[in-house]
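Sequence lines set the chain letters: A, B, ... in the order given, protein chains first and strands last, and positions in each chain run from 1. Source: prediction; values computed, not measured.
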Number of protein chains: 2
Amino acid sequence: MINDLLIQNIKKNVSLPDTDLKRICNYFKPKTIPKKEFLLTQGSICKFEGFVLEGCFRIFIIDKKGHENTLYFAAKDWWVMDIDSFMNQKPSDLNIQAIEDSKVLLITREDKTDLYNSVPSAEKLFRIMSQKSIVAWQQRLIRNHCQTAKDRYNYYISTYPDIASKLTDKQIAGYLGITHEFLSKIKKKS
Amino acid sequence: MINDLLIQNIKKNVSLPDTDLKRICNYFKPKTIPKKEFLLTQGSICKFEGFVLEGCFRIFIIDKKGHENTLYFAAKDWWVMDIDSFMNQKPSDLNIQAIEDSKVLLITREDKTDLYNSVPSAEKLFRIMSQKSIVAWQQRLIRNHCQTAKDRYNYYISTYPDIASKLTDKQIAGYLGITHEFLSKIKKKS
DNA sequence: TTATCAAGTTGAACTTGTTCAACTATTTTA
DNA sequence: TAAAATAGTTGAACAAGTTCAACTTGATAA
């Protein structure tokens, strides 16, 4: 069943009756995104919340210097969206691009609101998911402050080997917050 | 009334009936923390979620080199806790210290669980608070990657002038992720 | 299959930020 | 109020990371 992965993902966060799980999953519609195509581009409003079934996405921002700075990569079993743009229905600063042929399950904003009203336990699910996400962002910020680029590189490739193997060094550099030239020099020394 | 500030804070996130607001607030108990004392120390388990009524806290981690790296400052109308330690009841990596005589409202973990069960709308409240928090952490990470220390300093003091005025330069440097010597040099040049 | 384009490498000069040490305020405490 | 502790400043040497340009390698498409 197409929703199996989503169900497993939900179960990692909360234990819900099967009826709730099914009702939640029914709001999500599959979509295929070919490699290099965008799920969201800077300036447009994020109208979906996505769950990745296959492939991988890069969520990045283009800064004033024209550099692509990657917020995160979302592979199978990750969530993908611009939470600020989705919540507040304002133009996004982010680009979300498939780096492989990919497949996602999407829920629209209207359906998400409806979901919260009709399946109250969804509030708990997304509260817990959000709180776990805060922990991850805090830890990433700490690593950025306390560790060198080399340590951050080693941390990423050992923590997310499956994602890292799909990425070019240029993409990884954009995630670490360094230039790809410097990443090349780091790798040579190790 | 002591809970006025908390009620106003909640109302910024969700609109709830007064009965719910009161029931939520009743779980929170006031506590006074003198300047320099700790609400939480590294290694202990975070047993509370706090809302700051007066004063200011510094939430920081001591890294391998012995440097104090500040995750954030929490002044009046901010929330303060180690969300990872609180959720998972595991030893905290964080220290939370009052940098002024301070007053907080605290809810214990047991009461928080009870609150979610007895006041279902609390799920929505904390979901929305958490989602806003994710946005803030994402934006901070982007600023850390795309901006120089000087830009980050100017951003902080102009965005949070009331908090910045309570802090020493050493404390601000620890938040920006730079040494206090370098902050001193930045300030001289501007 | 060759031409093209993007990814990765390397070096030299440069900028940003650190370290350490010595010094000068400014607070805090006895 | 004097002594002690802490915060802030400055300089010099250093390390981390950037920039730009030239080159090599690998992938992609006509």
Side-chain angles (χ1 to χ4, degrees), chain A residues 34-38 56 58 60 62-70 73 95 97-101 141-157 163-190, chain B residues 34-38 55-56 58 60 62-70 73 95 97-102 141-157 163-190:
Chain A
K35 183 172 177 172
K36 291 191 182 173
E37 296 224 342
F38 287 81
C56 188
R58 182 169 64 108
F60 66 98
I62 299 174
D63 69 17
K64 289 163 196 165
K65 293 180 188 168
H67 292 162
E68 293 185 357
N69 195 287
T70 296
F73 300 102
N95 299 279
Q97 186 180 29
I99 60 173
E100 293 182 330
D101 289 340
L141 189 88
I142 295 286
R143 285 195 302 276
N144 265 279
H145 277 180
C146 300
Q147 295 183 192
T148 63
K150 183 168 186 171
D151 291 339
R152 272 143 48 208
Y153 173 72
N154 289 330
Y155 178 85
Y156 191 79
I157 59 169
I163 300 181
S165 65
K166 300 178 174 193
L167 306 173
T168 64
D169 282 357
K170 208 171 179 179
Q171 291 167 338
I172 295 178
Y175 172 88
L176 298 174
I178 59 175
T179 60
H180 68 281
E181 292 96 332
F182 188 56
L183 178 54
S184 175
K185 288 163 193 174
I186 283 172
K187 291 181 76 173
K188 197 186 174 191
K189 269 186 273 178
S190 63
Chain B
K35 183 172 177 172
K36 291 192 183 172
E37 297 225 341
F38 287 81
C56 189
R58 181 168 65 109
F60 67 99
I62 300 174
D63 69 16
K64 289 164 198 166
K65 293 181 189 167
H67 292 161
E68 293 185 357
N69 195 288
T70 295
F73 300 102
N95 299 280
Q97 185 180 30
I99 61 173
E100 294 183 330
D101 289 340
S102 300
L141 189 88
I142 295 287
R143 285 194 302 276
N144 265 279
H145 276 179
C146 301
Q147 296 183 191
T148 63
K150 183 168 185 171
D151 290 339
R152 271 142 51 207
Y153 173 72
N154 289 331
Y155 178 86
Y156 191 79
I157 60 169
I163 299 181
S165 65
K166 298 178 175 193
L167 306 174
T168 64
D169 281 357
K170 209 172 178 179
Q171 290 168 338
I172 295 178
Y175 173 87
L176 297 174
I178 58 175
T179 60
H180 68 282
E181 293 96 330
F182 188 57
L183 178 54
S184 175
K185 287 163 193 173
I186 284 172
K187 291 180 76 173
K188 198 187 175 191
K189 270 187 274 180
S190 65

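How far NZ of B:Lys170 is from OG1 of B:Thr70: 11.5 Å, rounded to the nearest 0.5 Å. Atom CD of B:Glu100 and atom NZ of B:Lys166 lie 4.0 Å apart (nearest 0.5 Å). Note that NZ of A:Lys187 and CG of A:Asn154 are 10.5 Å apart. Values are rounded to the nearest 0.5 Å.
Rounded to whole Å, the distance from CD1 on B:Ile186 to C1' on C:dT18 is 12 Å. The CZ atom of A:Arg58 sits 13 Å away from the C1' atom of C:dA7 (whole-angstrom rounding). C:dG8 atom P lies 10 Å from atom CG of A:Leu167, rounded to whole Å. Separating the CD1 atom of A:Ile172 from the C1' atom of C:dG8 is a distance of 12 Å, rounded to the nearest angstrom. The CD-P distance, from A:Glu181 to C:dC14, rounds to 17 Å in whole Å. Separating the CG atom of B:Asp151 from the P atom of C:dT15 is a distance of 17 Å, rounded to the nearest angstrom. Across the protein-nucleic acid pair, A:Asn144 atom CG and C:dG17 atom C1' stand 15 Å apart, rounded to whole Å. Atom pair A:Asp169:CG and C:dA6:P shows a separation of 17 Å (rounding to whole Å applied).
Counted by atom type alone, B:Asn144 and A:His145 present one or more donor-acceptor pairs between their side chains at under 3.5 Å.
Between the side chain of B:Asp101 and the main chain of B:Lys35, a donor-acceptor pair closer than 3.5 Å is present.
Scored by the ring-ring contact (aromatic ring centres under 6.0 Å, His included) test, B:Phe60 finds no partners at all (sequence neighbours excluded).
Scanning DNA chain D 5' to 3' for nucleotides with an atom closer than 4.0 angstrom to a non-hydrogen atom of chain B gives a first and last hit of D:dA7 to D:dA12.
Contact detail for A:Leu167 and A:Ile163: the closest heavy-atom pair is CG-O, 3.3 Å.
The phosphate of C:dT28 has OP1 or OP2 within less than 4.0 Å of a side-chain N or O from B:Lys35.
Residues B:Ile178 and A:Ser184 both approach DNA chain C. Their nearest nucleotides, taken by heavy-atom distance, put A:Ser184 toward the 5′ side. Comparing B:Thr179 and A:Phe182 along DNA chain C, the residue whose closest nucleotide (by nearest heavy atom) sits nearer the 5' end is A:Phe182.
Of the candidates C:dT19, C:dG8, C:dG17, the closest approach to any side-chain atom of A:His180 belongs to C:dG8. Looking at the side chain of A:Thr168, the nearest of the listed nucleotides C:dT19, C:dA7, C:dG17 is C:dA7.
Heavy atoms of A:Lys36 sit nowhere under 4.0 angstrom from any nucleic acid atom.
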